[in-house]
Every structure is written in structure tokens, then in C-alpha cells.
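Worksheet: the structure to be examined is printed underneath.
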Amino acid sequence: MPELPEVEYTRRRLHRAMTRARITRVIVRRQTLRYPLPAEFAARLEGQTVRAVVRRAKYLVVELSSGERLVMHLGMSGWFRFMPAQLEAHDHVVFEMSNGKVVAFNDPRRFGFMLLLSRDEHSECGKLTRLGPEPLDKTFDAAALAAPLARRKTSLKIALSDQRVVGGLGNIYVVEALHRARLSPKRRASTLVTNNGAPRPALYDLVDAIRSVLKEAIRRQARTDDGNPFRIYDREGEPCPRRGCRGTIRRITQAGRSTYYCPVCQR
DNA sequence: ATTGAGACCTGTCGGC
DNA sequence: TGCCGACAGGTCTCAA
């Protein structure tokens, strides 16, 4: 599930359920997430009012009235269930709010985590400070990508998956953006930058592709149609969806993860 | 400093 | 039906 669009959709729902409400009760049903929850986790949260729920890359940050922050990551399989009729397996942490809303964090694989940080711990938290730019911010442009890509000796796919280069892209949306920009995932990252560090035209295309892929995916979240909503991801052997392209989608492995691409139109 | 491999965990799916 | 391996949208750590 969770790359930037899914995390952003989760943030909006959490915001509606929690912001300006008080946390009346926290039930910890499983302490051993990626990082074990401290014994006083529930007590520190109960009684606090939620000021805001914000997102940074794939991280969710609940801002609390004490100044503390609850930093959360969904990992591979984490998600929130809103107003669950009853608790189920893998509902690890439940928040009950003064407005009557209940949200349950569910995560079968437990790669997700929650960190309750003081104001200072939060501002120094390396997980957040080392992140690259937000791809949907105005500051994200070809110039912002040029420097980190120029230094890389790896492929575009690997470079774009690195959260220090851009924050929030994961396996699926990197694959989708590269197809949209007609760029091969195997191409060396530094070839999108000239020798003196200026963006080449393809880098502008890539920036546009990243932004549009993410925006469309966020818009799509509210709908719950099933089936594979992606053009390329998990479509090995199918014809390339680009108009006029007669290529067939291939699957390769890069850094241990699946990459899908069209060898005909992606160069 | 980069980079790849392995680890963390559970669930699901395809093949035999 | 049952078993087994491969694989899954993320990050971290460690060795080269």
C-alpha cells in the first residue's frame, strides 16, 4: 500500500478523525512493532489534544498539545482502520478520541512503527532530517534533482527510490513515473545532468511525470475500485499502454525489487 | 562515500 | 488438499 499517495490519503483521514479532538484512550494490543513501544506510551498520549496531522515523505506526524510528536510509518503493510466494528488480528494500537472517533493501526508484517518524541527529539530525528524534497512542493524542480542525480553512479530506478533524493517515492511510483517520462529504469542517473550540473531536457520531463503520477494517485485514493490501477506495475507481458508503442512490458530485478518497463519507448 | 545483500515479519499465490 | 518456494508497495545495518 503505502507510498506517498496512500500516506497522504491516510493523513487526510486521520486529520478528520483526530485534529482538535482529545485522545481519551490508547489501547496497545501489540507492543512489538518495528521498534517496541515504551511502557508509558499510552499514558503519555492520553489526555492530549491533537493539533494537526502532517505528512513528510512517507512519514505521518501527529502534533500534540504538549509539543510532543507521534511519528508514524506504515512500513509495507500498515494502514489505519476507521471506526472498526470490532478489533481484528493485527490491530496493534487503537486510538479513541473525545469526538467519538476510533482509529486502529493495523499492520500484519509489523515493519511499521510509532515513535513518541519530544519537541527536541523530533527536530533532530534523522529519519526526517535526511529526507529529500517533497515532490509536490513548489521547491521541487529539475534543479533540485540535478545535484543528487549527478553524483550517483547507479540507475535512475535506484536513485529515485532513495529517500534522500526525493521523499515519498517507492517501487510502484518510481516505475510509473519513469514510464511516463519515457526513461529507462536502467539508465545511469547522472545522464540526466550535463557535465556542468545543469538539468537535461529529460530531467524536466521526469519532474513533470513524478508530479502528475503522484497527484493522479492521490485523487484516485478516495475511490475504492479494485484491480490494478497502474499502467506498468505488475503488468509483465502486457502491451505497452503508450499510444502508438508496440512494446511489451518487461519485468527485471533491480536491488532485489521488481522493475517493470517498456524496452521500446523507455530510453 | 556508495552500493548490494540480508534482515526484519506475515500473508498470499502459483506450481507440483 | 497440502506443502513449498517466491514474492509483496519499506527501511535499516553491515560488509565490501
Side-chain angles (χ1 to χ4, degrees), chain A residues 1-11 29-37 55-61 71-81 88-93 104-115 125-132 135 147-179 185-190 193 210 213-214 216-218 220-221 224-237 249-261:
Chain A
M1 277 196 29
E3 296 181 33
L4 188 150
E6 296 77 21
V7 177
E8 175 57 23
Y9 178 61
T10 302
R11 184 199 70 76
R29 304 175 75 227
R30 171 75 120 150
Q31 258 183 305
T32 54
L33 305 184
R34 169 107 187 227
Y35 309 115
L37 299 178
R55 180 188 59 73
R56 177 74 175 94
K58 299 173 199 167
Y59 293 86
L60 291 161
V61 183
V71 177
M72 307 190 287
H73 197 290
L74 302 177
M76 290 274 257
S77 57
W79 59 302
F80 280 89
R81 304 204 305 123
E88 293 174 2
H90 312 300
D91 283 341
H92 303 313
V93 181
F105 176 66
N106 183 289
D107 184 8
R109 289 174 80 177
R110 283 183 285 130
F111 290 168
F113 61 79
M114 297 188 183
L115 294 173
C125 179
K127 291 179 189 307
L128 299 169
T129 56
R130 286 196 279 269
L131 292 169
L149 291 186
R151 272 183 278 114
R152 296 307 204 111
K153 293 188 171 149
T154 21
S155 64
L156 270 177
K157 163 77 186 298
I158 304 302
L160 292 173
S161 305
D162 187 332
Q163 301 300 295
R164 293 168 301 185
V165 175
V166 207
L169 293 180
N171 204 41
I172 290 180
Y173 293 103
V174 168
V175 160
E176 295 291 317
L178 286 172
H179 179 262
K186 296 190 285 190
R187 179 163 163 172
R188 230 172 122 112
S190 56
V193 182
I210 290 171
V213 160
L214 295 176
E216 283 174 27
I218 291 171
R220 192 169 56 219
Q221 290 304 309
T224 54
D225 25 320
D226 33 17
N228 176 355
F230 306 112
R231 292 191 199 168
I232 295 296
Y233 182 80
D234 204 19
R235 294 194 183 280
E236 181 182 22
I249 298 170
R250 285 246 302 268
R251 173 187 177 286
I252 58 171
T253 299
Q254 290 178 293
R257 324 204 65 109
S258 290
T259 297
Y260 300 85
Y261 74 110

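Convention: sequence-line order gives letters A, B, ...; per-chain numbering from 1.
Rounded to whole angstrom, the span from the CZ atom of R110(A) across to the C1' atom of dG10(C) amounts to 16 Å. When the C1' atom of dG9(C) is taken as reference, atom CG of D107(A) falls 12 Å away, rounded to whole Å. One can place OH of Y233(A) at 12 Å from P of dC7(C), the figure rounded to the nearest angstrom.
At a threshold of 4.0 angstrom between heavy atoms, the contacts of R34(A) include nucleobase atoms, whether or not backbone atoms are also involved. Among the atoms of the strands shown, none is found under 4.0 Å from any heavy atom of F113(A). R130(A) comes within contact range of no nucleotide atom at all, as no heavy-atom separation falls under 4.0 Å. The residue S161(A) sits apart from the nucleic acid: no heavy atom pair falls under 4.0 Å. Heavy atoms of R257(A) sit under 4.0 angstrom from at least one base atom.
Comparing dC8(B), dT10(B), dG9(C) against the side chain of F111(A) picks out dC8(B) as the nearest. The side chain of K58(A) lies closest to dT11(C), out of dT11(C), dT10(B), dG9(C). Of the candidates dC7(C), dT11(C), dG4(B), dC7(C) carries the atom nearest the S258(A) side chain, counting heavy atoms from C-beta on. Set against dT11(C), dG11(B), dG9(C), the side chain of H90(A) has dG11(B) as its closest nucleotide. For I158(A), counting side-chain heavy atoms from C-beta on, the closest listed nucleotide (dG4(B), dC12(C), dC9(B)) is dG4(B). Ranking dT10(B), dG4(B), dG9(C) by closeness to the E6(A) side chain, first place goes to dG9(C). Side-chain atoms of R30(A) lie closest to dT10(B) of the nucleotides dT10(B), dC12(C), dA8(C). Minimum atom distance to the side chain of Y35(A) is reached by dC12(C), of the listed dG9(C), dG4(B), dC12(C). For R109(A), the side-chain atoms get nearest to dA8(C) when compared with the rest of dA8(C), dG9(C), dG4(B). Taking every side-chain heavy atom of Y59(A) into account, dT11(C) is the closest of dT11(C), dG9(C), dC9(B).
Cation-pi geometry between K127(A) and F113(A) is met: the NZ or CZ atom falls under 6.0 Å from the ring centre, inside 45° of the normal.
Formation of a donor-acceptor pair under 3.5 Å by the Q163(A) side chain with backbone atoms of G168(A) is found in this model. D91(A) places no side-chain N or O within donor-acceptor distance of the main-chain N or O of A104(A), the cut-off being under 3.5 Å. With hydrogens and angles disregarded, no donor-acceptor distance shorter than 3.5 Å links the side chain of E236(A) to the backbone of Y260(A).
Here dG9(C) sits opposite no nucleotide as a Watson-Crick or G-U wobble pair (both hydrogen-bonding atom distances under 3.5 Å). Nucleotide dC9(B) forms no Watson-Crick or G-U wobble pair with any nucleotide shown, as no partner meets the under 3.5 Å limit on both distances.
For the pair N106(A) and A89(A), the tightest heavy-atom approach, listed with the atom from each and the gap, is ND2-O, 3.1 Å. Across all their heavy atoms, F80(A) and L60(A) have their closest contact at CE1-CD1, 4.3 Å.
In terms of position along DNA chain B, the nucleotide closest to R151(A) lies nearer the 5' end than the nucleotide closest to the other residue of the pair A89(A) and R151(A).
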